[in-house]
Amino acid sequence: MSSPLAPPTPGPRSARRLLSPGLLFALPFLVLFAVFMLWPLSQGLWMSLTDTSLSAHSPDFIGLDNFSEAVRDAEMWRALGHTLWFTALSTVPLVAVALGMALLVHTGLPGQWVWRLAFFAPYLLPVGVVGLLWIWLYQPDLGLYNHLLDGLGLGQVAWLSDPSVAMSAIALTTLWWTVGFNFLLYLAALQSVPDHLYEAAAIDGAGAWRRLWSITLPQLSRITAVITVLQILASLKVFDQVYLLTKGGPDNSTRPVVEYVYDVGFTGYRLGYASAISYIFFALVVLASAAQYAALRRREK
């Protein structure tokens with residue numbers, strides 16, 4: 001028997017009446033999501049099962065032929081290897097440097113707004129400006145970096161034309177350009193650490209390094225995991241800065257898988273095959289995300 005003070009249980013009609021305003025407010029998002037996400041995904045999946053080409057008007061259904069060709073494509077796996085190498089080169093510095101920058105600002109350096117602006121400002125630049133700026137910095141004869149190396153008595157470096165150096169140069173550009181976003185996330189997390197933890201540690205005689213290792217870093221473990229996952233996903237999708245700096249060269253030594261999809265689809269005109277490669281890469285990214293999510297859940301337990 002229900003209590004007379006308990007609110008009445010809504011019936012099916014009243015539940016529909018309560019649900020309709022929510023659907024009405026969500027309708028614009030649902031329409032945009034269907035038009036710009038679900039429809040392109042379904043169209044891309046259909047194209048991956050056909051021989052769609054920019055030079056042909058009537059594609060034929062070929063089933064899984066594009067996928068089987070992609071699995072045997074050595075260039076696709078080479079491009080995927082370049083993507084993984086760039087992810088390994090960029091993720092660790094983008095997390096560690098952002099943490100160091102946030103710690104420096106959080107310690108109370110004079111003129112904090114200047115430091116925050118200086119650290120975050122590059123992130124606001126469009127990729128075209130970043131690419132042009134760093135192409136000049138990497139110039140073999142006139143670039144700043146080779147000028148500094150000459151001043152130190154060291155030999156010049158072919159930053160963008162040496163296959164052994166080009167990917168590291170792109171990772172350095174990406175670090176300068178995007179580290180500001182991770183810096184802001186870390187700074188916000190540092191400001192949410194309770195002050196009483198530091199006060200108690202100071203009373204117990206803990207020094208600055210002990211407080212860092214025993215309080216600050218453990219309190220930042222969750223945001224570090226989030227930043228790492230976001231950075232890995234962002235690095236896996238790298239395209240813009242690579243295309244602007246090296247166009248995948250020299251000798252395709254820096255071409256990531258997204259640029260390979262672009263080359264196959266819009267230079268080779270094979271949209272169906274490019275779609276198949278895209279879905280294979282999408283499946284690999286989903287598997288990597290699922291593995292990272294499972295690892296985070298085990299850490300929380």
Side-chain angles (χ1 to χ4, degrees), residues 79-106 115-131 133-134 165-193 212 216-246 248 254-262 278 280-300:
L80 181 60
H82 296 157
T83 304
L84 296 177
W85 177 231
F86 172 81
T87 302
L89 281 176
S90 60
T91 298
V92 175
L94 278 165
V95 174
V97 173
L99 175 60
M101 290 161 54
L103 289 172
L104 284 175
V105 173
H106 188 67
W115 292 101
R116 297 184 187 188
L117 177 62
F119 289 157
F120 185 69
Y123 184 73
L124 302 177
L125 296 176
V127 65
V129 174
V130 174
L133 173 64
W134 282 80
V165 180
M167 189 64 83
S168 299
I170 295 171
L172 179 61
T173 303
T174 305
L175 173 65
W176 178 85
W177 178 35
T178 62
V179 72
F181 179 73
N182 295 342
F183 156 72
L184 278 189
L185 294 179
Y186 267 127
L187 188 60
L190 282 170
Q191 293 173 350
S192 65
V193 177
L212 173 65
T216 305
L217 295 183
Q219 291 290 319
L220 296 179
S221 60
R222 180 164 297 184
I223 191 63
T224 298
V226 172
I227 290 174
T228 302
V229 171
L230 293 177
Q231 191 57 60
I232 289 175
L233 295 179
S235 296
L236 288 173
K237 298 182 295 182
V238 64
F239 171 76
D240 298 346
Q241 59 267 44
V242 176
Y243 189 78
L244 290 173
L245 291 174
T246 65
T254 61
R255 181 168 63 174
V257 68
V258 176
E259 185 177 345
Y260 184 60
V261 171
Y262 172 83
S278 299
I280 292 175
F281 180 59
F282 174 72
L284 295 176
V285 171
V286 170
L287 290 176
S289 302
Q292 292 170 3
Y293 177 76
L296 290 178
R297 291 295 300 271
R298 284 197 298 268
R299 286 182 58 184
E300 292 179 355

K.L.:
Is there a side chain to side chain contact (heavy atoms under 4.5 Å, CB included) between Leu284 and Leu80 once you walk through the steps?
P.N.:
CA-CA 10 Å; Leu284 295 176; Leu80 181 60; 3.6 Å; yes
K.L.:
Calculate, to the nearest 0.5 Å, the distance between atoms CZ and OG1 belonging to Arg255 and Thr246 respectively.
P.N.:
11.0 Å
K.L.:
Is any side-chain heavy atom of Val130 less than 4.5 Å from a side-chain heavy atom of Leu244?
P.N.:
no
K.L.:
Could you give the distance from CG (Leu190) to CG (Leu220), rounded to the nearest 0.5 Å?
P.N.:
5.0 Å
K.L.:
What's the separation between atom CH2 in Trp134 and atom CD1 in Ile170, rounded to the nearest 0.5 Å?
P.N.:
12.0 Å
K.L.:
Relative to the ring of Phe183, is the ring of Phe119 parallel (under 30°), tilted (30 to 60°) or perpendicular (over 60°)?
P.N.:
perpendicular
K.L.:
Decide side chain to side chain contact (heavy atoms under 4.5 Å, CB included) for Tyr123 and Val179; before the verdict, give the C-alpha distance in whole Å, the side-chain angles of both, and the deciding distance to 0.1 Å.
P.N.:
CA-CA 7 Å; Tyr123 184 73; Val179 72; over 6 Å; no
K.L.:
Using modelled atom types and a 3.5 Å cut-off, is there a donor and acceptor pairing between side-chain atoms of Thr254 and backbone atoms of Ala166?
P.N.:
no
K.L.:
Can you confirm whether Leu212 sits close enough to Leu103 that some side-chain heavy atom of one is under 4.5 Å from a side-chain heavy atom of the other?
P.N.:
yes
K.L.:
If every non-hydrogen atom of Leu187 is compared with every non-hydrogen atom of Ala102, which pair is closest and at what distance?
P.N.:
N-CB, 3.8 Å
K.L.:
Tell me, do Val242 and His82 make a side-chain contact under 4.5 Å, heavy atoms counted?
P.N.:
no
K.L.:
Without placing hydrogens or testing angles, list every side-chain donor-acceptor pair under 3.5 Å for residues 88-97, not counting sequence neighbours.
P.N.:
residue : atom : partner : partner atom : Å
Ser90   : OG   : Phe86   : O            : 2.8
Ser90   : OG   : Ser235  : OG           : 3.0
Thr91   : OG1  : Thr87   : O            : 2.7

K.L.:
Report the C-alpha separation of Val258 and Tyr262 in whole Å, then their side-chain angles, then the decisive distance to 0.1 Å, and conclude whether the side chain to side chain contact (heavy atoms under 4.5 Å, CB included) test is met.
P.N.:
CA-CA 6 Å; Val258 176; Tyr262 172 83; 6.0 Å; no
K.L.:
Side chains of Leu104 and Trp115: closer than 4.5 Å at any heavy-atom pair?
P.N.:
no
K.L.:
With sequence neighbours excluded, give me every side chain to side chain donor-acceptor pair (under 3.5 Å) pair touching residues 172-182.
P.N.:
Tyr138-Thr173, Thr174-Gln241, Asn182-Gln231
K.L.:
Near Phe120 CZ, under 6.0 Å, is it more than 12 heavy atoms from other residues, nucleotides or ligands?
P.N.:
yes
K.L.:
If you round to the nearest 0.5 Å, how far is NE2 of His106 from CG of Leu99?
P.N.:
11.5 Å
K.L.:
Distance from Tyr260 atom OH to Ser278 atom OG, nearest 0.5 Å?
P.N.:
11.5 Å
K.L.:
From Leu245 CG over to Asp240 CG, what is the distance, rounded to the nearest 0.5 angstrom?
P.N.:
10.5 Å
